[in-house]
Amino acid sequence: MSENQSFVAPTVVRLSRYTNTEQEEILGDGDDPFGVAAAGLTWLPKEEHFGIRHGDRLVAHAGLRRLPVAIGDAETEVMGVGGVAVAPDMQGQGLARLVVAAALDHARTMGPQHALLFCRAPLVPLYQRLGWHALDEDVLVEQPANRLVTMPLRTMVTPLRDNAHWPSGAVRLFSLPM
């Protein structure tokens, strides 16, 4: 690093929008940027968005959406975390941790006791390092035409409150996944 350059720590900002253009800015314009197309699922867009910029370029994102869910016989809500992305040339710098932490900080202000996400198996260790726990139970999610399907991706949860414990029982999302 030259003497004229200085290190600027990445800062997470709340994004007013997150479009396909912003997603392409991070991940490129491939047909399957998250590697989940083979699951054949229809996904909900996120409602809240958090990002990190490097210069004028968006390099990381995480989204949130409140979702209705049943765990055993109890109906409640969770904060769904999704669309987590870090530009390939910026990976390994802790940006996923920062952007997910900012999203979870906001989620803690919204009421639900837990956050939930779906991820591909290779990402499970990353989320475990961030404090998430994989569920052993199958999770049912809604799909178009009133179909109910078993989520083929790994479901992970993390508490949003100090004393929140994930109850035992079957899990059903009363919506499309996020």
Side-chain angles (χ1 to χ4, degrees), residues 1-37 41-69 76-120 122-134 153-162 164 173 175-178:
M1 186 180 310
S2 75
E3 292 178 27
N4 294 338
Q5 294 176 329
S6 62
F7 175 76
V8 177
T11 302
V12 179
V13 295
R14 193 153 173 204
L15 304 172
S16 59
R17 65 189 173 109
Y18 184 69
T19 65
N20 285 340
T21 301
E22 281 96 11
Q23 180 177 302
E24 289 174 5
E25 193 173 356
I26 298 171
L27 295 174
D29 61 358
D31 290 338
D32 188 13
F34 292 99
V36 297
L41 298 173
T42 300
W43 301 85
L44 285 172
K46 285 28 126 205
E47 296 172 324
E48 308 279 344
H49 303 278
F50 301 84
I52 297 173
R53 293 194 181 282
H54 182 73
D56 290 337
R57 180 177 159 221
L58 189 63
V59 296
H61 169 267
L64 289 175
R65 185 175 188 112
R66 184 188 301 256
L67 300 167
V69 64
T76 188
E77 289 183 316
V78 295
M79 291 305 299
V81 175
V84 178
V86 175
D89 63 322
M90 299 294 288
Q91 292 176 0
Q93 299 180 39
L95 301 184
R97 178 184 49 80
L98 290 173
V99 77
V100 169
L104 292 177
D105 285 346
H106 182 73
R108 287 182 182 91
T109 71
M110 300 183 72
Q113 299 290 305
H114 292 89
L116 176 144
L117 63 77
F118 303 112
C119 70
R120 294 178 295 114
L123 296 175
V124 169
L126 166 69
Y127 286 108
Q128 286 174 326
R129 286 191 304 273
L130 298 178
W132 293 77
H133 306 279
L153 302 173
R154 193 62 191 237
T155 303
M156 301 188 79
V157 298
T158 194
L160 295 174
R161 307 276 178 276
D162 287 339
L173 198 61
S175 72
L176 297 173
M178 69 299 140

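We're numbering straight along the sequence, starting at 1.
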With sequence neighbours excluded, give me every ring pair (Phe, Tyr, Trp, His ring centres under 6.0 Å) pair touching residues 78-109.
F50-H106
Atom CG in L130, atom CG in L104: separation rounded to 0.5 Å?
9.0 Å
At their closest point, which heavy atom of R53 faces which heavy atom of E25, and how far apart are they?
NH1-OE2, 4.4 Å
Walk me through whether L64 and E47 qualify under side chain to side chain contact (heavy atoms under 4.5 Å, CB included).
CA-CA 6 Å; L64 289 175; E47 296 172 324; over 6 Å; no
Which residues satisfy the ring pair (Phe, Tyr, Trp, His ring centres under 6.0 Å) test with H114, sequence neighbours excluded?
W166
Is there a side chain to side chain contact (heavy atoms under 4.5 Å, CB included) between F34 and Q23 once you walk through the steps?
CA-CA 10 Å; F34 292 99; Q23 180 177 302; 3.6 Å; yes
Atom CG in L126, atom CD in Q128: separation rounded to 0.5 Å?
9.5 Å
In Å and rounded to the nearest 0.5 Å, what is the NE2 to NE2 distance from H49 to H61?
5.0 Å
What heavy-atom pair brings P177 and F118 nearest, and what distance separates the two atoms?
CB-CE1, 3.7 Å
Nearest heavy-atom pair of A62 and V99: which atoms, and what distance?
N-CG2, 3.7 Å
For residues 154-162, which side-chain N or O atoms pair as donor and acceptor with protein atoms under 3.5 Å away, sequence neighbours left out?
residue, atom, partner, partner atom, Å
R154, NH2, L135, O, 3.4
T158, OG1, G131, O, 3.3
R161, NH1, R108, O, 3.1
R161, NH2, R108, O, 3.0
R161, NH2, G111, O, 3.4

Would you be so kind as to tabulate the donor-acceptor pairs closer than 3.5 Å made by side chains of residues 85-98, with sequence neighbours excluded?
residue, atom, partner, partner atom, Å
D89, OD1, R57, NH2, 2.7
D89, OD2, R57, NH1, 3.1
Q91, NE2, V86, O, 3.1

Taking the side chain as every heavy atom from C-beta outward, state whether T76 and P112 have any atom pair closer than 4.5 Å.
no
For a quick test of reading the model, state the closest non-hydrogen atom pair linking V124 to C119 and the distance between them.
CG2-SG, 3.9 Å
What heavy-atom pair brings G80 and L67 nearest, and what distance separates the two atoms?
CA-CD1, 4.0 Å
Using the rule given for side chain to side chain contact (heavy atoms under 4.5 Å, CB included), can you reason through L123 versus V84, listing the C-alpha separation, both sets of side-chain angles and the distance that settles it, and then say yes or no?
CA-CA 11 Å; L123 296 175; V84 178; over 6 Å; no
If you look at every heavy atom in V12 and I52, which pair is closest and at what distance?
CG2-CG1, 3.7 Å
Across all chains, not counting sequence neighbours, the side-chain hydrogen bond (donor to acceptor under 3.5 Å, both in side chains) partners of T42 are none
Tell me, with the steps shown, if L117 and V100 meet side chain to side chain contact (heavy atoms under 4.5 Å, CB included).
CA-CA 11 Å; L117 63 77; V100 169; 5.9 Å; no
How many angstroms lie between atom CG of D56 and atom CG of L58, to the nearest 0.5 angstrom?
11.0 Å
With sequence neighbours left out, what residues match E22 under side-chain hydrogen bond (donor to acceptor under 3.5 Å, both in side chains)?
R17, T19
Does the side chain of R65 come within less than 4.5 Å of M79's, by heavy atoms?
no
